[in-house]
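Notes to accompany the following structure.
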There are 2 protein chains.
Amino acid sequence: MVKLTDIAAKLDMSLTTISRALNNYSTVSLKTRDLVKKTAKEMGYVPNRMARNLAMKKSHLISLVYDDYNETISYQSFTFEVISGIRRYFGNTPYDLIMVPENKRGKNRESLKNISLSRGVDGLFIVGIRTDDSYIDEIKEDFMPVVCIDYPLNGKRISYVESDNIKGCRLAIDYLVSLGHKDIAFINGHNLAAVSPVRFEGYKTALEENGIPFNRELTINSDYTEDGGYRAAKSLLEEKREFSALFVASDLMAVGAIMAIKETNLRVPEDIAVIGFDDLFFAEHSHLGLTTVRQHKFEMGYQGAKLLHRIIEQPDYIPRKRKIDVELIIRGSA
Amino acid sequence: MVKLTDIAAKLDMSLTTISRALNNYSTVSLKTRDLVKKTAKEMGYVPNRMARNLAMKKSHLISLVYDDYNETISYQSFTFEVISGIRRYFGNTPYDLIMVPENKRGKNRESLKNISLSRGVDGLFIVGIRTDDSYIDEIKEDFMPVVCIDYPLNGKRISYVESDNIKGCRLAIDYLVSLGHKDIAFINGHNLAAVSPVRFEGYKTALEENGIPFNRELTINSDYTEDGGYRAAKSLLEEKREFSALFVASDLMAVGAIMAIKETNLRVPEDIAVIGFDDLFFAEHSHLGLTTVRQHKFEMGYQGAKLLHRIIEQPDYIPRKRKIDVELIIRGSA
DNA sequence: AAATGTAATGCAAGCGCTTTGAAAATATTG
DNA sequence: CAATATTTTCAAAGCGCTTGCATTACATTT
């Protein structure tokens with residue numbers, strides 16, 4: 001591995017000059033800079049980032065935190081797309097991403113703060129954190145720049161990105177109402193996801209805006225899994241709640257719900273119209289095509305990355321959350 | 001940030017002793033070790049990995065290389081699961097994963113070698129590399145430990161993991177034959193994926209083993225996309241090839257193919273039986289349920305990680321490829 | 001008690017880079 | 001041409017840690 005001193009020796013210059021030349025300091029004459037760069041290239045010089053990091057106390061590393069153990073396909077494909085957006089953004093910066101695999105879910109895992117400080121990362125990007133996660137208290141300490149997806153956390157160097165969930169609910173409900181539905185049931189996810197209460201509010205508000213009284217009996221909480229959606233719909237149907245439309249807080253649950261509806265010998269959308277949330281790939285392919293509220297996941301990642309980048313590089317920047325637009329994708333289920 | 005010298009000062013010991021104590025050197029008395037550890041904890045000491053890396057010339061970093069720009073859902077969900085496997089394995093080791101986002105696909109991107117040497121990573125894990133990728137020549141230089149998924153590369157410190165594609169094809173063909181099919185068409189992916197020729201061979205061999213002559217007219221190459229599968233099936237059907245079963249080299253293409261078949265007013269599986277490859281999530285949900293060859297993606301990642309770990313830590317270890325078992329998942333399409 | 005062996009600790013160099021403050025070389029001015 | 005300003009270069013310290021070698025402290029043997 002050729003290093004700066006090797007180049008210095010060969011060119012009979014000082015180490016300092018070599019370093020400065022390669023870093024394009026204007027205090028090094030252009031001629032020298034060119035010569036140094038050329039020689040460095042010829043000698044196959046590759047800068048040692050570990051040394052550089054140590055000297056500069058800056059790693060150009062973003063720690064990407066997400067949870068593998070949530071194995072639903074929703075979460076996976078959502079996460080993957082968000083990460084793609086993050087990668088795309090940072091692809092045009094000197095930052096790389098680092099992932100610290102957790103060895104155990106829950107207790108005994110190392111503190112996020114320690115891991116991060118130890119690697120000297122410059123910022124944290126957190127996808128899919130749950131309300132009961134112990135990391136949250138650590139993050140609140142504001143020990144370094146953080147951006148979360150779908151979790152409202154604020155601080156001097158902390159912010160987040162979320163879909164416009166309220167709008168998403170309104171789009172869905174408005175559309176159902178425009179189709180003539182009045183009795184609209186709602187299957188929500190569990191409250192470990194910060195978006196759940198928001199979507200609940202969105203559902204409720206949208207109903208009221210349409211002059212439809214909210215009926216608690218038409219709502220039920222589930223767990224964002226397919227089976228959960230199935231069971232929720234099943235119980236809604238068995239208890240003979242009167243409803244002609246069903247709004248489901250995730251596509252995966254919607255798929256389960258549709259299965260339950262069909263098992264009850266009802267037709268979708270004729271007897272019960274169904275709208276999901278997410279627009280995952282299979283929404284398009286599942287059965288008859290799922291009408292759903294599309295989240296722009298890639299964009300969430302991209303904008304989040306941009307935000308984080310800014311927080312890191314502009315110490316006096318006051319971060320504000322980003323809200324990403326959603327749209328209603330009309331297919332066969334409603 | 002408290003550092004070793006701070007602890008040394010407080011305890012009035014030498015820096016060396018502190019370092020050794022924390023690293024559990026037996027040359028430090030147990031009593032001292034305990035004292036040092038306790039004090040370190042009290043003082044909130046967090047080791048600085050940048051400094052440590054520099055001193056030890058070892059980063060405990062694995063570079064994870066994959067390509068975002070391949071946006072098919074197949075690739076995405078395959079990749080995500082492989083990565084989960086990798087993360088799970090390394091979760092029980094001191095290694096972290098680093099991802100270097102590419103800013104541009106293809107030319108102008110930095111050399112893999114430079115990036116890797118620069119960050120001082122200890123090994124490379126490569127998912128989804130294509131046969132025309134410029135990285136391949138670099139990898140062959142054997143400049144550091146590498147494990148690929150689905151790409152046959154060998155070297156002193158290079159190996160790979162693949163599904164048992166031959167077996168997968170045999171399972172599919174045998175099953176179709178057992179159902180009475182004799183004319184079995186095959187839609188393959190493009191040859192930029194190293195697995196394609198293998199699956200082609202597998203298909204051909206399996207036919208022969210069943211005493212069915214190979215008929216080139218019943219095979220067609222496509223591109224692993226849904227639309228590609230659609231077009232391939234369409235052209236097969238339009239040219240009036242005689243076949244009662246269709247084996248498709250990926251689930252995504254199979255979904256497209258089924259769409260084409262239905263458009264031609266043929267039924268699946270009554271008129272044409274279809275078997276896919278991968279067993280992605282939507283195989284279970286698409287239409288009638290796709291019969292398919294399941295790849296154990298998580299396991300591929302896990303075993304690959306284990307292999308890479310070994311190559312890194314045992315310099316004289318001679319790496320051998322890992323072949324991961326596959327299984328036939330029978331659903332409604334065949 | 002001297003000689004020897006062993007366990008515990010410390011000194012100092014080094015990992016490869018950045019950066020401050022000073023010096024040397026060159027250019028500008030009256 | 002001396003005096004001043006400007007450009008270019010360099011020596012050395014430091015980033016926080018590991019580690020080979022030397023040293024000291026203590027235990028064992030004769």
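What you see is a predicted model; the values in this text were computed from it and never measured. All values below were derived from every heavy atom in this structure, side-chain atoms included, with hydrogens, water molecules and symmetry-related copies excluded. Labels below follow one simple rule: chain letters A, B, ... track the order of the sequence lines, proteins then strands, and each chain is numbered from 1.
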Quiz item: For A:Met144 and A:Leu117, which heavy atoms make the closest approach, and how far apart are they?
Solution: CE-CD2, 4.0 Å
Quiz item: Just to confirm, is there a sub-4.0 Å distance from OP1 or OP2 of C:dT9 to any side-chain nitrogen or oxygen of B:Thr27?
Solution: no
Quiz prompt | Geometric cation-pi criterion, B:Arg322 with B:Tyr302: 6.0 Å, 45° | solution = no
Quiz prompt | Value in whole Å for how far the P atom of C:dT9 lies from CG of B:Leu30 | solution = 11 Å
Quiz item: Within less than 4.0 Å of OP1 or OP2 of C:dG16, is there a side-chain N or O belonging to B:Lys57?
Solution: yes
Quiz item: What's the NZ-P distance between B:Lys58 and C:dG14, to the nearest Å?
Solution: 24 Å
Exercise. Tell me whether the OP1 or OP2 atom of D:dC10 has a side-chain N or O from A:Thr17 closer than 4.0 Å.
Key: yes
Quiz prompt | Separation of atom CG in B:Asn24 from atom C1' in C:dA8, rounded to whole Å | solution = 15 Å
Quiz item: In whole Å, what is the span from the CG atom of B:Leu54 to the P atom of C:dA13?
Solution: 17 Å
Practice problem: Identify whether any heavy atom of A:Met50 sits under 4.0 Å from a base atom; if not, whether one sits that close to sugar-phosphate; answer base, sugar-phosphate or nothing. | Solution: nothing
Quiz item: Any idea which heavy atoms bring B:Leu35 and B:Thr39 closest together, and the distance?
Solution: O-OG1, 2.6 Å
Quiz item: Between CZ of A:Arg310 and CZ of A:Arg320, what distance do you get to the nearest 0.5 Å?
Solution: 11.0 Å
Practice problem: Please indicate whether A:Ile318 has more than 12 foreign heavy atoms, meaning atoms of other residues, nucleotides or ligands, lying under 6.0 Å from its CD1. | Solution: no
Quiz item: Could you give the NZ-to-P distance, from A:Lys31 to C:dT26, as a whole number of Å?
Solution: 10 Å
Quiz item: Which pair of non-hydrogen atoms, one from B:Gly155 and one from B:Pro319, has the smallest distance, and what is that distance?
Solution: O-CG, 3.5 Å
Quiz prompt | Residues touching DNA chain D, which here means a heavy atom under 4.0 Å, drawn from residues 35-43 of chain B | solution = none
Quiz item: Rounded to the nearest 0.5 Å, how far does CE of A:Met50 lie from CE of B:Met56?
Solution: 10.0 Å
Quiz item: Any idea which heavy atoms bring A:Tyr45 and A:Asn48 closest together, and the distance?
Solution: OH-N, 4.3 Å
Exercise. Calculate the interatomic distance between B:Asn53 atom CG and D:dC15 atom C1'; express it in whole Å.
Key: 13 Å
Quiz item: Can you give one letter per nucleotide of nucleotides 17-27 of chain D, 5' to 3': B if a protein heavy atom sits under 4.0 Å from the base, S if only from the sugar-phosphate, - if neither?
Solution: BBBBB------
Exercise. With rounding to the nearest 0.5 Å, note down the distance linking OG in A:Ser116 to CD in A:Glu110.
Key: 10.0 Å
Quiz item: A:Leu11 has an atom CG; how far is it from atom P of D:dT9, in whole Å?
Solution: 11 Å
Quiz item: Within this structure, what is the CE-to-P distance between A:Met1 and C:dG14, rounded to whole angstrom?
Solution: 21 Å
